[in-house]
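So the structure is just underneath, and the comments pick up after that.
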Protein chains: 2
Amino acid sequence: MQDVQEPAAWGGVEPEAAQRLLTAGVEAFAERGYHATTTRDIAGRAGMSPAALYIHFKTKEELLFRISRVGHERARAVIAAAAESEGTAGERLACAVRAFARWHAEHHTTARVVQYELAALGEEHYAEIVALRREIDRLVRGIIEDGVRDGEFAVADVPGTALAVLSLCVDVARWFSAAGSRPPEEVGSLYADLVGRMVAAPDVRDARRHGPQE
Amino acid sequence: MQDVQEPAAWGGVEPEAAQRLLTAGVEAFAERGYHATTTRDIAGRAGMSPAALYIHFKTKEELLFRISRVGHERARAVIAAAAESEGTAGERLACAVRAFARWHAEHHTTARVVQYELAALGEEHYAEIVALRREIDRLVRGIIEDGVRDGEFAVADVPGTALAVLSLCVDVARWFSAAGSRPPEEVGSLYADLVGRMVAAPDVRDARRHGPQE
DNA sequence: GTCTATACGATGATAGAC
DNA sequence: GTCTATCATCGTATAGAC
């Protein structure tokens, strides 16, 4: 939504060297996974010696945590902007899904770390991240509940549907590859349309038929 | 579809000790990830010494490969059964999604290894697995194409929608937990309904409104 | 803040007795 | 086929010079 490029996106984090390590960490973790990544590799990508990492981060796990927290905060901001915007529930949900799916495509390397390396976090760090994830879940569920209340959506299982919607977007980080895939905006549009169909009440369905589908 | 329990499901694999190692491997890999799992851990869970693993598998990676291959073959069988069954495209797609989503819930520990540890495979093994994955993709895309041809589905972007459908099911392995989640059959039903809505043409939508939704 | 050097444990895998 | 013992390597993290 706001930021453009993957790297250099560590909004004013400490010294510049720490930013380089964060960027190197994201790339390495996304490519090979947290456990398969060595501190030597991270430091090397950042153009430093292995020891330099420990000047800026207490442990390798703390580096992961910092990446994960910033990533989750960005993801939440993307959803929050849509959830708090003006418009019907259908419009807000479409906006949220479009932005969230797109974010996972555009920042698939960050997103991969954010979504698939949770288990590597220490207990306390994990708890902090889970709180952020719950907020994201709550925001999406809220939009769906609004739509149901207004009769715009027909959804029997709201928590299950919210889970499915988030799950669909999150998994973009798994399959998306910058090279072979369609452009991120297209993923966003496709997904917004698919989710719209998933929740729409029968009456409003005809009104929705102006999107990319058909 | 056919098998019931997670363990003891290594249909006639070599000696019994190899089965124990496969089961131990699935559990360990699913819990902690391939790279974070030690051969000592696997062997320990199987009640053997670390060295015993190398009698039955050349390397730790080969153990992963064997798990992944069997898992993928099972997943493909689940989809294939639905794809080749009698019925309309809508019925076959619902059946496929119900079974596939359910499989990922029921066998979420195997599924987690199958879906999230691909990057740890060696080059040749990886290629073999990718071929299996392509078959699964082709089966789902085929059902959707059938539905579009029959006018039962209204789907503008067939490959994208097939990808989304598979992605939705696959991600069940990430979030499903045997303890806290709804039962696997419920996941299957919910997902079959959601996907049905995603693809249905406007005309047939009223006819579909008998599922768990509303 | 960054480097070189290194401690120290753990890891994948093998040798050889039984 | 399984074990005990062990190798060679590599992992995270620290010490101390600059």
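So that the names make sense, note that chain A is the first sequence line, chain B the second, and so on, each numbered from 1.
Computed from coordinates, the A/I42 CD1 to D/dA13 P distance equals 10 Å when rounded to whole Å. Look at CG on A/L63: it is 14 Å from C1' on D/dA13, rounded to the nearest Å. Separating the CZ atom of B/R40 from the P atom of C/dG12 is a distance of 7 Å, rounded to the nearest angstrom. In this entry the distance linking CZ of A/F57 with C1' of C/dT2 reads 15 Å, nearest Å. The nearest whole Å value for the distance from the CD atom in A/E16 to the C1' atom in C/dT2 is 13 Å. Put simply, CZ on A/R20 is 11 Å from C1' on C/dT2, counting in whole angstrom units. As a whole-Å value, the separation of A/L53 CG from D/dT14 C1' is 13 Å. If you take CZ of A/R32 and P of D/dC10, they are 13 Å apart, rounded to a whole angstrom.
Between D/dT14 and A/Y54, no contact under 4.0 Å exists linking OP1 or OP2 to a side-chain N or O. OP1 or OP2 of C/dG12 sits under 4.0 Å from a side-chain N or O of B/T39.
For the pair A/E91 (side chain) and A/T88 (backbone), a donor-acceptor distance under 3.5 Å is present. No donor-acceptor pair under 3.5 Å is formed between the side chain of B/K60 and the backbone N or O of B/L53.
Ring planes of B/W103 and B/F100: parallel class, angle under 30° (limits at 30 and 60°). In this pair, A/F65 and A/H125 present their aromatic rings parallel. The plane angle is below 30°, not in the 30 to 60° band.
Taking for each of B/G47 and A/H35 the nucleotide of DNA chain D with the nearest heavy atom, the 5'-most of the two is the partner of B/G47. Residue A/T38 is the one, among A/T38 and A/K58, whose nearest nucleotide of DNA chain D lies closer to the 5' end (criterion: closest heavy atom).
Minimum atom distance to the side chain of B/M48 is reached by D/dC3, of the listed D/dC3, C/dA13, D/dG1. For B/T59, the side-chain atoms get nearest to C/dA13 when compared with the rest of C/dA15, D/dT2, C/dA13. Of the candidates C/dT4, C/dT2, C/dA15, C/dT2 carries the atom nearest the A/H56 side chain, counting heavy atoms from C-beta on. The side chain of A/A17 lies closest to C/dT2 when the candidates are D/dT2, D/dC3, C/dT2. In the set D/dT4, D/dA13, D/dG1, the nucleotide with an atom closest to the side chain of B/A51 is D/dT4.
Heavy-atom minimum distance, B/V97 versus B/C169: CG1-SG, 4.0 Å.
Counting any heavy atom pair closer than 4.0 Å across all strands shown, B/S49 reaches a base atom. Using a 4.0 Å heavy-atom cutoff across all strands shown, B/A52 reaches sugar-phosphate atoms only and no base atom.
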